[in-house]
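First the structure, in the form of structure tokens, and then the observations on it.
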Amino acid sequence: MKDLLRIREEIDQVDSEITQLYLKRMQLTSEVAEYKIQTGKKVFDKEREREKLKKLSSLVSGSFLKHGIRELFEHIMSISRKRQYQLLTEHGIEVPNEFTEVTKICAEGSRIVFQGVEGAYAHIAMNRYFGSETDSFHVDSWREAMEALKSGRADYAVLPIENSTAGVVAENYDLLVEYDHYIVGEQIIPIRHCLLGLADAELSDITSVYSHPQALAQCDRYLQTHEDWDCATESNTAVAACKVKKSGKKHKAAIASELTAQLYGLKVLEKNIQTNSENSTRFIIVTNKKIFLKGAAKMSICLEVKHQSGSLYHALSHIIYNDLNMNFIQSRPLKEREGSNWQYRFFIDFAGSLNDSAVSNALRGLAEECESMRVLGNY
């Protein structure tokens with residue numbers, strides 16, 4: 001039996017030889033890139049790579065080694081493509097940027113739409129982002145807000161996209177795909193839920209509670225201490241408060257903000273009833289214009305990949321290889337396509353700007369190698 005130290009020395013020698021061959025291959029990759037720059041040929045040649053992987057895996061026997069050779073050369077070819085994308089950028093062959101950089105996102109001369117009524121958390125988010133003096137209006141649903149952008153009745157819409165406790169607002173991710181609109185900003189609002197009742201109501205009077213489903217979920221621990229209460233959902237927390245006010249009945253209460261109580265003349269029966277004291281909701285500012293704010297530092301994209309092993313991993317490698325920090329990924333079913341059961345679209349956020357070469361390289365690779373890729377916004 002060989003001594004372990006001797007075996008390791010031999011491995012080191014083989015690794016050194018592999019490294020030299022890798023460097024030689026990367027030099028050839030640069031020559032391939034130069035040829036493609038001159039001829040305009042695409043970097044990703046799917047058929048060429050498929051045939052090459054088939055040929056290489058045929059050179060070894062046994063399923064383990066065949067799989068290993070295939071995986072090894074998939075990585076090598078992936079790295080080669082990334083280097084070619086970099087060289088394209090270095091030669092001034094940029095990815096077409098259809099977005100226009102602006103210096104300010106402001107409410108002056110613009111109409112803003114939000115879902116719900118005055119006092120809703122979306123209304124609060126709008127005032128935080130744009131200021132309280134805005135030309136705004138409200139609609140009953142998130143879809144109506146997107147329709148208002150599409151028709152030109154509104155320039156910006158304020159939509160909830162994620163809550164730190166209840167998770168993502170899935171419907172709004174689907175709407176971002178359905179409509180040709182773009183994220184230009186975000187506003188995080190701390191959620192401080194209160195139990196609101198009529199001016200002459202007491203906590204002991206309450207038997208029915210109304211609120212948005214997520215607000216009810218965010219206060220589940222508090223509501224569990226009042227198991228005799230009936231809970232009913234409304235489209236919005238402020239809508240629930242309005243319903244309680246109009247009812248004139250002391251046994252009805254709403255879960256909403258303290259500001260909502262002030263707007264509708266309701267009494268705060270209990271404060272801060274949310275389960276998580278750090279509960280916050282992230283709202284996005286959406287427009288139908290392809291613009292991004294100067295100094296924007298977050299990218300949001302969505303993409304689809306082949307329904308096969310490793311496809312998502314290879315897509316994400318473009319973000320990793322370009323040293324971009326991914327801070328969010330969410331999957332949504334491909335509901336709109338026949339035969340797409342158990343197939344998904346992925347929403348990804350990562351740090352960067354459309355002005356960054358690393359972002360351009362990543363987007364170029366994703367666009368070429370994914371089934372589809374769309375930039376949802378840079379903000």
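In this chain, numbering begins with 1 at the start of the sequence shown. Since the structure is predicted, the reported quantities are computational estimates derived from the model, not experimental observations.
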Can you list the steps and then say if Glu10 with Arg6 is a salt bridge (charged side-chain N to carboxylate O under 4.0 Å, His left out)?
CA-CA 6 Å; Glu10 291 184 24; Arg6 175 61 181 160; 3.5 Å; yes

Evaluate the criterion salt bridge (charged side-chain N to carboxylate O under 4.0 Å, His left out) for residue pair Lys46 and Glu369; output intermediate values, then yes/no.
CA-CA 9 Å; Lys46 188 186 299 185; Glu369 298 176 25; over 6 Å; no

Please assess Ile348 against Phe328 for the test side chain to side chain contact (heavy atoms under 4.5 Å, CB included), listing each intermediate value before the final yes or no.
CA-CA 6 Å; Ile348 297 169; Phe328 175 87; over 6 Å; no

Check against side chain to side chain donor-acceptor pair (under 3.5 Å), Gln86 and Asn361
CA-CA 6 Å; Gln86 288 180 346; Asn361 289 333; 5.7 Å; no

Please lay out, stage by stage, how Asp3 and Ile7 fare under the test side chain to side chain contact (heavy atoms under 4.5 Å, CB included).
CA-CA 6 Å; Asp3 179 72; Ile7 296 170; over 6 Å; no

Full working for salt bridge (charged side-chain N to carboxylate O under 4.0 Å, His left out) between Asp349 and Arg282
CA-CA 13 Å; Asp349 291 349; Arg282 182 165 67 98; 3.6 Å; yes

Side chain to side chain donor-acceptor pair (under 3.5 Å) for Tyr210 and Thr237? Distances and angles first, verdict last.
CA-CA 8 Å; Tyr210 303 88; Thr237 56; over 6 Å; no

Residue pair Arg81, Glu368: steps toward the salt bridge (charged side-chain N to carboxylate O under 4.0 Å, His left out) verdict:
CA-CA 10 Å; Arg81 290 197 304 274; Glu368 283 213 23; over 6 Å; no

Lys66 vs Ser58, side chain to side chain donor-acceptor pair (under 3.5 Å): CA-CA, chis, key distance, verdict
CA-CA 7 Å; Lys66 283 181 180 292; Ser58 72; over 6 Å; no

For side chain to side chain donor-acceptor pair (under 3.5 Å), just list the numbers for Glu9 and Gln13, CA-CA rounded to whole Å, side-chain angles, deciding distance to a tenth of an Å, and then say yes or no.
CA-CA 6 Å; Glu9 287 175 353; Gln13 178 60 36; over 6 Å; no

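Nearest heavy-atom pair, Tyr222 versus Ile273, reported as atom, atom and distance to 0.1 Å: CB-O, 3.5 Å. Across all non-hydrogen atoms, the minimal contact from Ile124 to Ser257 is CD1-OG, 3.8 Å. Minimum heavy-atom separation, Ala148 to Ser151: O-OG, 3.2 Å. The heavy-atom pair separating Tyr129 from Val184 by the smallest distance is OH-O, 3.9 Å. Heavy-atom minimum distance, Ala362 versus His318: CB-O, 3.6 Å. Residue Trp142 comes nearest to Leu159 through the heavy atom pair CD1-CD2, 3.8 Å, listed as atom of the first residue, atom of the second, then distance.
Between the side chains of Ser360 and Tyr85, no donor-acceptor pair is found at a separation under 3.5 Å. Looking at Ser136 and Arg111, their side chains never bring a donor and an acceptor atom within 3.5 Å of each other. Judged purely by distance below 3.5 Å, without hydrogens or angles, the side chains of Gln115 and Asp140 never pair a donor atom with an acceptor atom. In this model, a donor atom of one side chain and an acceptor atom of the other lie less than 3.5 Å apart for Thr165 and Asn279.
At least one donor-acceptor pair closer than 3.5 Å links the side chain of Asp205 to the backbone N or O of Glu202. Between the Asn236 side chain and the Ala238 main chain, a donor and an acceptor come within less than 3.5 Å of each other. Between the side chain of Ser16 and the backbone N or O of Asp12, no donor-acceptor pair lies under 3.5 Å. A donor-acceptor contact shorter than 3.5 Å is absent between the side chain of Ser78 and the backbone of Glu74. Between the side chain of Asn172 and the main chain of Pro160, a donor-acceptor pair closer than 3.5 Å is present. Under a 3.5 Å cut-off, the side chain of Asn378 and the backbone N or O of Leu354 do form a donor-acceptor pair. A donor-acceptor pair under 3.5 Å is absent between the side-chain atoms of His251 and the main chain of Thr207, judged by distance alone. Of the possible polar contacts, none joining the Arg83 side chain to the Ser30 backbone as a donor-acceptor pair under 3.5 Å is found. Side-chain atoms of Asn163 come within 3.5 Å of backbone N or O of Ala166 as a donor-acceptor pair. Checking side-chain atoms of Glu144 against main-chain N and O of Ser141 turns up a donor-acceptor pair under 3.5 Å.
Leu316 and Ile79 end up in different hydrophobic clusters when Ile, Leu, Val, Met, Phe, Trp and Tyr side chains are linked at under 4.5 Å. In the hydrophobic cluster analysis, where Ile, Leu, Val, Met, Phe, Trp and Tyr join through side-chain heavy atoms closer than 4.5 angstrom, Ile285 is grouped apart from Val139.
Here the CD-CD1 distance, from Glu278 to Ile191, works out to 12.5 Å after rounding to the nearest 0.5 Å. Here Leu293 contributes atom CG and Lys298 contributes atom NZ; the two are 14.0 Å apart, rounded to the nearest 0.5 Å. To the nearest 0.5 Å, atoms CD1 (Ile206) and CD (Glu270) are separated by 10.5 Å. To the nearest 0.5 Å, atom OG of residue Ser110 and atom CG of residue Asp135 are 8.5 Å apart. In this structure, the separation between CG on Asn355 and CG on Asn97 is 7.0 Å, given to the nearest 0.5 Å. Taking NE2 of His314 as the reference point, atom CG of Leu366 lies at 13.0 Å (rounded to 0.5 Å).
Within the 4.5 Å cutoff, the side chain of His75 has heavy atoms near those of the Glu71 side chain. Between Asp180 and Asn288 the shortest side-chain heavy-atom distance does not fall below 4.5 Å. You'll find the side chain of Asp356 stays beyond 4.5 Å of the side chain of Asn322, heavy atoms only. Counting heavy atoms from C-beta outward, Lys271 and Arg192 have side chains that stay 4.5 Å or more apart. Looking at Met26 and Leu23, their side chains never come closer than 4.5 Å, going by heavy atoms from C-beta outward. Looking only at side-chain heavy atoms (C-beta outward), Ile255 and Leu216 come within less than 4.5 Å of each other. Side-chain atoms of Leu88 and Arg364, non-hydrogen and from C-beta on, do get closer than 4.5 Å to each other.
The aromatic ring centres of Phe99 and Tyr182 sit less than 6.0 Å apart. Outside the 6.0 Å centre-distance limit, the rings of His123 and Phe283 are not counted as a close aromatic pair. Remark: aromatic rings of His193 and Tyr121 are close, center separation under 6.0 Å.
A cation-pi contact, defined as under 6.0 Å to the ring centre and within 45° of the axis, is absent between Lys245 and Tyr264.
Taking the six-membered ring where tryptophan is involved, the planes of His181 and Tyr179 are essentially parallel, since the angle between them stays under 30° and well short of 60°.
Remark: Phe137 CZ is packed, more than 12 non-hydrogen atoms of other residues, nucleotides or ligands lying under 6.0 Å away. Residue Arg25 qualifies as enclosed at atom CZ: its count of foreign heavy atoms under 6.0 Å is above 12.
Salt bridge status for Arg50 with Glu47: present, with a side-chain N to carboxylate O gap under 4.0 Å.
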